Structure formats: C-alpha cells, structure tokens
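Here is the structure we will look at.
Not measured: the values here are computed from a predicted model.
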Amino acid sequence: MKKFKVIIILVLVAAALILASNSYYTVSEDEYANVVRFSKTVSTVENAGIYLKVPFLDSVKKFPKKVLLYDMKPSEVLTADSKTMQVDNYVLWKITDPLKFYKTLGTKAEAENRIDMLTYSALKTEMGKSLRDDIINQNDDSREAFNANILSAATKATGEYGIEIIDIKIKKLDLPADNEEAVYRRMISERNKIAEQYRADGNKEAEMIRNEVDKNKNILVSDAKAKAEQIKAEGEAEYMRILAEAYNSPEKQEFYSFTRALDAVKVSFSGDDVTIILGKDSPLAEALLGE
C-alpha cells in the first residue's frame with residue numbers, strides 16, 4: 001500500500017507540473033502573441049511578460065513585432081515600349097495588427113506571398129508607364145520618386161491584412177540575356193555619338209580661340225612694327241639734326257669730309273697689294289705725303 005501511495009503521489013506531482021507548465025506562456029519584447037481556443041482567438045498580447053492560459057485548451061500563436069526583410073525573387077516586367085526588364089528588389093514590412101494578421105494570413109510565409117503579389121502588381125503598373133531607356137537613365141531623384149510610387153501602390157491593400165509595407169527598394173534592373181548585348185552595343189554607339197559631338201564642339205571652340213589669338217598676335221606685331229618704324233624714323237631725323245648742327249660751318253664741313261676720306265682709305269687698305277690714286281690737290285694726299 002505504501003508503494004502504491006508513493007506512485008500515486010508521483011503521478012499527481014507530475015500531473016501538477018505538466019498542468020502548471022501549460023498554464024502560462026511568455027511573450028518577448030519583439031513579438032506578439034495570440035491565444036487561440038477551439039480555433040478562435042480569445043486574447044491578443046502585445047506587451048512582453050508572463051501570462052496565464054487555460055492548459056490544454058488554449059494554444060499560443062506568436063508573431064514577430066520587428067521589421068522584417070523580404071527579398072523577392074527577380075521577375076520580368078514590361079515597360080511602356082513593350083521592352084522586357086528583369087527586376088530584383090526587396091521589401092521591408094511588419095505586422096501592425098496581430099489579430100487581423102492571424103485571421104487573414106496566419107503565417108509569415110502567406111504574408112510574404114501576398115506582399116510578393118502586391119509589390120509585383122505595383123512594379124508592373126509603374127514600369128508600364130515609362131520607357132525602358134528612361135528607366136535605365138534615371139537619376140537619384142527620379143529613382144526615388146519611382147520607388148515612392150511603387151510603395152504607395154503596394155501599401156493600399158495591406159491594411160486589411162494587419163501588416164504594413166515600410167519600404168520597397170529596387171536592388172538591380174537587368175536586361176534579359178537574349179537582348180542585353182544588343183542593347184549594350186546600341187548604348188555604346190549612342191555614347192560614342194555624344195562623345196564625337198563633344199569633340200567636334202571642342203575642336204570648333206579651340207579653332208575659334210586659335211583664330212582670335214592669331215588675330216590679336218598679328219595686330220600686336222603690326223602695331224609693334226609700326227611703332228618701331230616710327231621710332232627709327234624719329235631716330236634718323238634726330239641723327240640728321242645732330243649732324244646738321246655739328247657741321248653747320250665750312251670748317252666743320254671740311255673736317256667731316258676729311259674724316260670720311262680717311263674712313264674710305266682705311267677700308268681700302270684692308271686687302272693685299274693695294275694701290276691708291278689720289279689727286280694732287282687732295283687734302284688726303286697732302287696729309288699722307290706730309291706736304
């Protein structure tokens with residue numbers, strides 16, 4: 001009997017422990033909890049802590065409260081000019097209403113499927129408004145507006161699911177493999193045409209600058225030569241004036257003629273075997289002969 005009592009006590013203790021362990025649940029800071037009884041939600045907990053529940057009857061469904069990242073698979077989308085592009089993007093989302101989320105979606109996987117559908121629809125609509133080349137050549141501002149329009153379209157239907165799409169960003173826009181090389185060649189050709197136009201404009205501008213420089217140079221050289229000729233003429237005039245003042249008497253003129261004759265003789269003596277014929281009445285002959 002004692003043995004039987006011990007067994008009963010052990011069974012009761014084990015049952016009590018099992019009952020106690022199934023009578024409470026914990027909720028972390030980064031999660032929600034829905035208490036479900038017979039497939040119906042009886043309570044929703046959004047704050048962290050330890051809570052009681054009916055053992056064996058209540059089950060707890062927990063959902064993340066933090067912002068979640070959904071990396072979508074690349075998909076092909078048509079542009080306004082019926083060109084295909086492959087889009088690779090990601091979505092940031094979170095659960096805002098755990099009760100509504102549980103009733104409409106139930107699981108994170110189902111939520112991502114719905115987000116995938118909404119985002120793809122928004123992408124298809126927005127890209128269908130623009131030409132492919134315009135999408136490829138978007139700058140930062142136009143790309144930001146492009147993403148904002150996709151986000152706005154995708155979030156319109158999320159409220160009924162108890163979720164919120166926080167952000168949608170395109171990681172990469174690719175061309176399909178079958179026409180990627182042809183598009184690249186065309187883009188290179190267009191860039192080469194633009195480069196040639198820039199070079200032609202640059203050469204034209206350079207030629208205009210060179211012509212202007214040559215024109216200014218010729219003007220400066222012409223002005224300098226005219227100034228030089230003017231200075232030379234003024235110098236010669238001054239020289240003649242000085243000569244006129246220096247030889248303004250018969251004695252000075254005679255002396256000048258004599259020095260000029262000496263210079264002529266000096267030049268004549270520069271060769272070998274030189275003979276000079278002077279007139280008998282030449283002042284130079286008198287000076288040389290000492291008469």
Side-chain angles (χ1 to χ4, degrees), residues 18-78 86-130 140-173:
I18 294 172
L19 185 65
S21 65
N22 281 275
S23 298
Y24 73 94
Y25 63 95
T26 61
V27 180
S28 301
E29 290 285 349
D30 61 346
E31 62 184 5
Y32 300 109
N34 282 346
V35 180
V36 180
R37 185 182 303 158
F38 302 120
S39 301
K40 292 185 178 180
T41 301
V42 294
S43 65
T44 299
V45 179
E46 299 184 11
N47 298 319
I50 301 176
Y51 299 89
L52 296 175
K53 66 181 181 70
V54 177
F56 305 112
L57 296 180
D58 293 347
S59 61
V60 179
K61 305 293 185 182
K62 295 182 179 180
F63 308 108
K65 187 187 291 186
K66 62 185 178 181
V67 176
L68 302 172
L69 170 67
Y70 174 47
D71 193 1
M72 295 178 59
K73 293 182 179 179
S75 56
E76 292 189 351
V77 181
L78 286 176
Q86 194 172 61
V87 185
D88 187 6
N89 63 294
Y90 67 87
V91 179
L92 297 177
W93 68 283
K94 67 177 181 178
I95 300 170
T96 55
D97 189 333
L99 179 58
K100 190 179 291 186
F101 176 81
Y102 177 69
K103 288 181 177 180
T104 56
L105 298 174
T107 64
K108 178 183 173 184
E110 182 60 29
E112 289 179 344
N113 287 336
R114 194 58 53 91
I115 289 171
D116 193 299
M117 180 186 68
L118 294 172
T119 303
Y120 178 75
S121 177
L123 270 170
K124 185 170 64 174
T125 301
E126 187 64 23
M127 292 188 67
K129 300 176 183 177
S130 304
D140 291 340
D141 292 337
S142 58
R143 177 59 58 84
E144 194 65 30
F146 185 77
N147 289 333
N149 291 337
I150 296 172
L151 175 62
S152 176
T155 54
K156 287 181 179 178
T158 56
E160 61 183 280
Y161 303 118
I163 63 175
E164 177 188 359
I165 296 178
I166 299 173
D167 199 8
I168 298 174
K169 284 291 187 293
I170 295 176
K171 296 190 295 182
K172 187 167 59 172
L173 284 169

Inter- and intrachain pairs under salt bridge (charged side-chain N to carboxylate O under 4.0 Å, His left out), touching residues 146-155, at least two apart: none
Of all pairs that satisfy salt bridge (charged side-chain N to carboxylate O under 4.0 Å, His left out), the ones with a partner from residues 87-96, not counting sequence neighbours: Asp88-Lys171
Apply side-chain contact (heavy atoms from CB on, under 4.5 Å) to [X] and list each qualifying residue two or more places apart in sequence or on a separate chain.
{"X": "Asn89", "result": "Met72, Val87, Val91, Thr119, Leu123, Ile168, Ile170"}
{"X": "Leu92", "result": "Val67, Leu69, Tyr90, Ile166, Asp167"}
{"X": "Ala153", "result": "Ala122"}
{"X": "Lys62", "result": "Thr26, Glu31, Ala33, Val60"}

Sequence-distant partners of [X], side chain to side chain donor-acceptor pair (under 3.5 Å), two or more places apart:
{"X": "Ser59", "result": "none"}
{"X": "Asn113", "result": "none"}
{"X": "Lys156", "result": "none"}

Rounded to the nearest 0.5 Å, what's the gap from [atom1] on [X] to [atom2] on [Y]? Could you check?
{"X": "Lys61", "Y": "Thr44", "atom1": "NZ", "atom2": "OG1", "result": "13.5 Å"}
{"X": "Ile115", "Y": "Glu110", "atom1": "CD1", "atom2": "CD", "result": "10.5 Å"}
{"X": "Glu112", "Y": "Leu105", "atom1": "CD", "atom2": "CG", "result": "11.0 Å"}
{"X": "Ile150", "Y": "Lys169", "atom1": "CD1", "atom2": "NZ", "result": "10.0 Å"}

Greater than 12 external heavy atoms within 6.0 Å of Asp71's CG: yes
Of all pairs that satisfy ring-ring contact (aromatic ring centres under 6.0 Å, His included), the ones with a partner from residues 100-119, not counting sequence neighbours: Phe63-Phe101
CA sep, side-chain torsions, deciding dist, call: Tyr120, Val77, side-chain contact (heavy atoms from CB on, under 4.5 Å): CA-CA 9 Å; Tyr120 178 75; Val77 181; 3.9 Å; yes
Closest contact, heavy atoms only, Trp93 versus Ala111: CH2-CB, 3.7 Å
Qualifying side-chain hydrogen bond (donor to acceptor under 3.5 Å, both in side chains) pairs, either residue in residues 141-150, two or more places apart: Glu126-Asn149, Gln138-Arg143, Asn139-Ser142
Atom pairs and distances, donor-acceptor, side-chain atoms in residues 157-165, under 3.5 Å, two or more places apart:
{"unit_1": "Thr158", "atom_1": "OG1", "unit_2": "Thr155", "atom_2": "O", "d": "2.9"}
{"unit_1": "Tyr161", "atom_1": "OH", "unit_2": "Arg114", "atom_2": "NH1", "d": "2.7"}

Side-chain (Ser121) to main-chain (Met117) donor-acceptor, under 3.5 angstrom: no
